[in-house]
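Notes follow once the structure below has been shown.
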Amino acid sequence: MVKIEYLHPRDIREVILGDHELSIHEVMAVARYSAKVSFTETYRSRVKASRGLIEKFLEEERAIYGVTTGFGSNVTQVISKDDAEILQRNIVRSHAVSVGEPLEKEVVRAIQLMILNHLGHGFSGISLGVLELMAGLLNHDILPFVPGDGSVAYLSPEAHIALVLMGEGQAWYNGELLSGSDALEKAGLKPVVLGCKEGLSLLNGTTSVTAFAALALYNAIQAVKTADISGAISFESLKGTIKAFDPRLHSLKKHEEQGKTALHLLRILSDSEIAQHYKDYRLQDALSLRCIPQVHGAVKRVLKNALENLKNEMQSISDNPIIWPEGEDGIALMGGNFDGTYAGMDADAMCIAMANLAKITERRIDRLVNYHVSELPDFLVANPGLNNGYMIPQYTAAGLLNEIRVLSHPATIDNVPTSANQEDVVSFAYFAAKKAYHVSKKLQYILAIELMLGAQALDFYESLNPSLVTGKVRQFIREKVPTVQEDRFFHPDIEIIFHHIQEGEIVAIVENLIGEIE
């Protein structure tokens with residue numbers, strides 16, 4: 001046994017911003033498991049210094065976008081320093097125009113964390129008090145009501161969050177949807193009056209895009225690791241020939257993820273009596289079995305690229321303007337760092353990668369229930385006809401795959417100019433990342449179905465033992481989902497396995513036996 005020490009996101013109780021690079025595990029800890037957020041003195045000092053500069057600029061009435069000018073194509077309109085607070089209040093109110101169903105709790109919390117991370121680098125001019133209140137929302141479990149539809153890349157979802165900081169908008173507190181002011185009051189917090197540039201900074205940047213992308217990527221990494229496991233179980237129960245995983249074969253394809261995936265499968269099935277017995281049963285298997293290393297490996301490569309870019313994005317400054325210090329003074333640099341194309345294009349690529357993983361998984365699911373090719377009982381039930389067995393879960397997988405395929409059309413290739421053509425190129429990274437998040441969960445459901453069916457298929461092998469690894473996984477599933485003897489309500493079974501995939505428990509079982517699945 002290879003014991004791996006895990007730092008699961010749920011075990012991270014506090015995320016301290018300021019002295020290190022924010023990790024994807026810390027994002028999950030705050031977003032999904034409600035870890036507390038605090039700031040280092042370094043964080044506080046950076047923010048205070050930047051705030052001092054922006055107040056200096058305002059007092060001197062320098063020409064700065066969004067500070068002494070209007071927004072978007074209103075950049076030509078000069079704003080008096082006496083109207084600075086009104087300008088910031090107006091941008092928040094006017095930009096809070098998202099529509100539709102509210103975003104999920106973990107998404108809103110992830111966006112809030114990204115705002116704190118993004119603005120805490122000290123190049124935005126926001127005050128520490130505003131950021132402390134944002135952290136207060138997270139730490140007191142105040143959840144802003146954020147409609148999830150209608151963003152082209154940023155601005156609107158963030159504006160709904162910023163409303164609550166002002167004591168406006170709506171938020172959930174203790175399970176009750178309240179006005180922003182009531183939610184703050186019940187939690188013992190007070191609203192803030194936004195000063196110069198603060199409304200703009202809260203709305204600007206790639207915060208919602210990066211939040212969605214981080215959640216999607218975390219789910220996708222869990223999914224592709226799980227797919228190696230579920231794929232190995234299907235391969236074993238369908239009498240696949242392990243000769244397809246020969247290291248000599250994969251050494252000739254110069255993609256390390258492919259070779260490592262083949263090794264993972266060999267390690268998972270190393271002591272399988274079933275795999276050894278049937279290694280010469282066929283000359284070669286269907287593509288959904290023998291091409292697992294190639295397809296899974298390609299998916300892993302895309303996710304690795306996305307992870308590298310996501311880390312860079314989380315450490316980037318994506319505001320506009322940027323407050324750049326120069327000695328005792330500084331300058332406001334106006335540009336386009338708020339653009340979300342990096343994260344958006346990665347999110348589109350992640351969708352395509354996950355769609356490929358979903359399609360090969362669905363084909364394995366079909367082979368498990370298709371008695372024409374499985375050599376197993378019809379639909380994996382001992383008494384077919386009277387019982388439908390696992391006939392319909394394959395329909396569910398097919399339906400989910402269809403949805404994934406549609407969502408895998410890239411969003412970032414589109415363009416609709418906004419703001420009277422001042423913003424004539426729009427990234428649409430928001431929807432790219434949002435759909436990647438939805439695809440990641442649909443994929444996990446497909447994998448849950450494969451694991452459910454794979455465990456049932458192994459139940460029909462009475463004289464040959466599965467490998468230690470697949471046997472442990474089957475045992476884990478069987479502790480929650482009993483063998484199907486006759487038709488029952490299958491929906492809870494799928495949900496249970498989905499939950500354990502999302503929590504990483506299936507992967508943890510296997511990695512503690514064979515080492516890390518890379």
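- How far OG1 of T361 is from CG of L400: 11.5 Å, rounded to the nearest 0.5 Å.
- Using a distance-only test at 3.5 Å, with no hydrogens or angles considered, a donor-acceptor pair links the side chain of S408 to the main chain of C351.
- A salt bridge does not link R474 to E236: none of the charged nitrogens lies less than 4.0 Å from a carboxylate oxygen.
- Here H296 pairs with D228, R364 under the side chain to side chain donor-acceptor pair (under 3.5 Å) rule; sequence neighbours left out.
- Residues L407 and K442 form a side-chain contact, since some pair of their non-hydrogen atoms from C-beta on lies under 4.5 Å apart.
- Look at E176 and K186 and you find no salt bridge, because none of the NZ, NE, NH1 or NH2 atoms lies under 4.0 Å from a carboxylate O.
- Of all heavy-atom pairs between A429 and T412, the closest is CA-CG2, 4.2 Å.
- A donor-acceptor contact shorter than 3.5 Å links the side chain of D348 to the backbone of A411.
- Using a 4.5 Å heavy-atom cutoff, the side chains of Y445 and T396 are not in contact.
- Rounding to the nearest 0.5 Å places CD of E450 at 9.5 Å from CD1 of I501.
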Please step through side chain to side chain donor-acceptor pair (under 3.5 Å) for the pair T210 and T206, ending with a clear verdict. CA-CA 6 Å; T210 309; T206 61; 3.2 Å; yes
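- With a 4.5 Å cut-off on side-chain heavy atoms, P293 and F245 count as touching.
- Heavy atoms from other residues, nucleotides or ligands lying under 6.0 Å from NZ of K253 number 12 at most.
- The line from NE2 of H264 to CD of E511 is 8.5 Å long, rounded to the nearest 0.5 Å.
- Between the side chain of K300 and the backbone N or O of E518, at least one donor-acceptor pair lies under 3.5 Å.
- Surrounding CG of L283 are at most 12 heavy atoms belonging to other residues, nucleotides or ligands under 6.0 Å away.
- Not one N or O on the side chain of S151 forms a donor-acceptor pair closer than 3.5 Å with the backbone of S156.
- E158 contributes a side-chain N or O that, together with a main-chain N or O of L155, makes up a donor-acceptor pair within less than 3.5 Å.
- N388 places no side-chain N or O within 3.5 Å of a backbone atom of D487 that could act as its donor or acceptor partner.
- Ionic pairing of D285 and K239 is not present here: no N-O contact between side-chain nitrogen and carboxylate oxygen is shorter than 4.0 angstrom.
- By the 30° and 60° cut-offs, the orientation of the rings of F379 relative to Y371 is perpendicular.
- Around CD of E101, the count of heavy atoms belonging to other residues, nucleotides or ligands within 6.0 Å does not exceed 12.
- Note on ring orientation: taking the six-membered ring where Trp is involved, the planes of H438 and F212 are tilted (angle from 30° to 60°).
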For N387 and V484: C-alpha separation, side-chain torsions, deciding distance, then whether side chain to side chain contact (heavy atoms under 4.5 Å, CB included) applies. CA-CA 10 Å; N387 292 290; V484 175; over 6 Å; no
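- With contacts defined as side-chain heavy-atom distances shorter than 4.5 Å, the pair L310/D346 does not qualify.
- When only modelled atom types and interatomic distance are considered, H491 and E495 share a side-chain donor-acceptor pair under 3.5 Å.
- Judged by distance alone, the side chain of N356 and the main-chain N or O of I352 form a donor-acceptor pair under 3.5 Å.
- The two residues S98 and P157 come nearest to each other via the heavy atoms OG-N, 3.4 Å.
- More than 12 heavy atoms of other residues, nucleotides or ligands shown are found within 6.0 angstrom of CZ on F476.
- Residues I274 and S237 form no side-chain contact, since every pair of their non-hydrogen atoms from C-beta on lies 4.5 Å or further apart.
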Could you walk me through whether M114 and V27 pass the side chain to side chain contact (heavy atoms under 4.5 Å, CB included) test, one step at a time? CA-CA 8 Å; M114 291 302 176; V27 175; 3.6 Å; yes
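- With H255 contributing its side chain and H250 its backbone, the two residues share no donor-acceptor pair below 3.5 Å.
- The number of heavy atoms from other shown groups lying within 6.0 Å of CE (M28) is above 12.
- Salt bridge status for E14 with K36: absent, with no side-chain N to carboxylate O gap under 4.0 Å.
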Can you give each donor-acceptor pair under 3.5 Å made by side-chain atoms of residues 139-146, sequence neighbours left out, with the distance rounded to 0.1 Å?
unit_1, atom_1, unit_2, atom_2, d
N139, OD1, V37, N, 2.8
N139, ND2, V37, O, 2.9
N139, ND2, A135, O, 3.4
H140, ND1, G136, O, 3.0
D141, OD1, K105, NZ, 3.1
D141, OD2, K105, NZ, 3.3

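- Partners of E505 under the side chain to side chain donor-acceptor pair (under 3.5 Å) rule, at least two apart in sequence or in another chain, are H500.
- Judged by distance alone, the side chain of S440 and the main-chain N or O of Y437 form a donor-acceptor pair under 3.5 Å.
- The two residues A397 and I446 come nearest to each other via the heavy atoms O-CD1, 3.9 Å.
- By the side chain to side chain donor-acceptor pair (under 3.5 Å) test, R478 is found to be paired with Q456, D459, T483, residues two or more places apart in sequence or in another chain being considered.
- Smallest separation of non-hydrogen atoms from A457 and L376: CB-CD1, 3.8 Å.
- In this structure the side chain of V473 reaches within 4.5 angstrom of the side chain of V510, judged on heavy atoms.
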Please determine whether side chain to side chain contact (heavy atoms under 4.5 Å, CB included) holds for the pair M452 and I494, giving the CA-CA distance in whole Å, both sets of side-chain angles, and the decisive distance to 0.1 Å. CA-CA 7 Å; M452 181 176 72; I494 299 171; 3.8 Å; yes
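- Here L17 contributes atom CG and H118 contributes atom NE2; the two are 13.0 Å apart, rounded to the nearest 0.5 Å.
- Contact check on K480 versus D493 returns no salt bridge, with no Lys/Arg side-chain nitrogen under 4.0 Å from an Asp/Glu carboxylate oxygen.
- N465 meets the side chain to side chain donor-acceptor pair (under 3.5 Å) test with E273; sequence neighbours excluded.
- By the 4.5 Å heavy-atom criterion applied to side chains, R13 and Y33 are not counted as neighbours.
- L307 and L217 get closest at one heavy-atom pair: CA-CD2, 3.4 Å.
- Between L380 and Y390, the shortest heavy-atom distance links the atoms CB-CD1, 4.0 Å.
- In this structure, CD1 in I115 is found 4.5 Å from CD1 in I161, a value given to the nearest 0.5 Å.
- Checked for salt-bridge contact, R363 and D366 meet the test: a charged N lies under 4.0 Å from a carboxylate O.
- Taking CG of L357 as the reference point, atom CG of L401 lies at 10.5 Å (rounded to 0.5 Å).
- Around atom CD of E486, no more than 12 heavy atoms belonging to other residues, nucleotides or ligands sit under 6.0 Å away.
- Shown here are the ring pair (Phe, Tyr, Trp, His ring centres under 6.0 Å) partners of F431, two or more places apart in sequence or in another chain: there are none.
- Side-chain contact between L113 and L22: present, with at least one pair of heavy atoms (C-beta onward) separated by less than 4.5 Å.
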Set out, in order, the CA-CA distance, both residues' side-chain angles and the distance that settles side chain to side chain contact (heavy atoms under 4.5 Å, CB included) for I229 and I517, then state yes or no. CA-CA 9 Å; I229 299 163; I517 299 175; 3.9 Å; yes
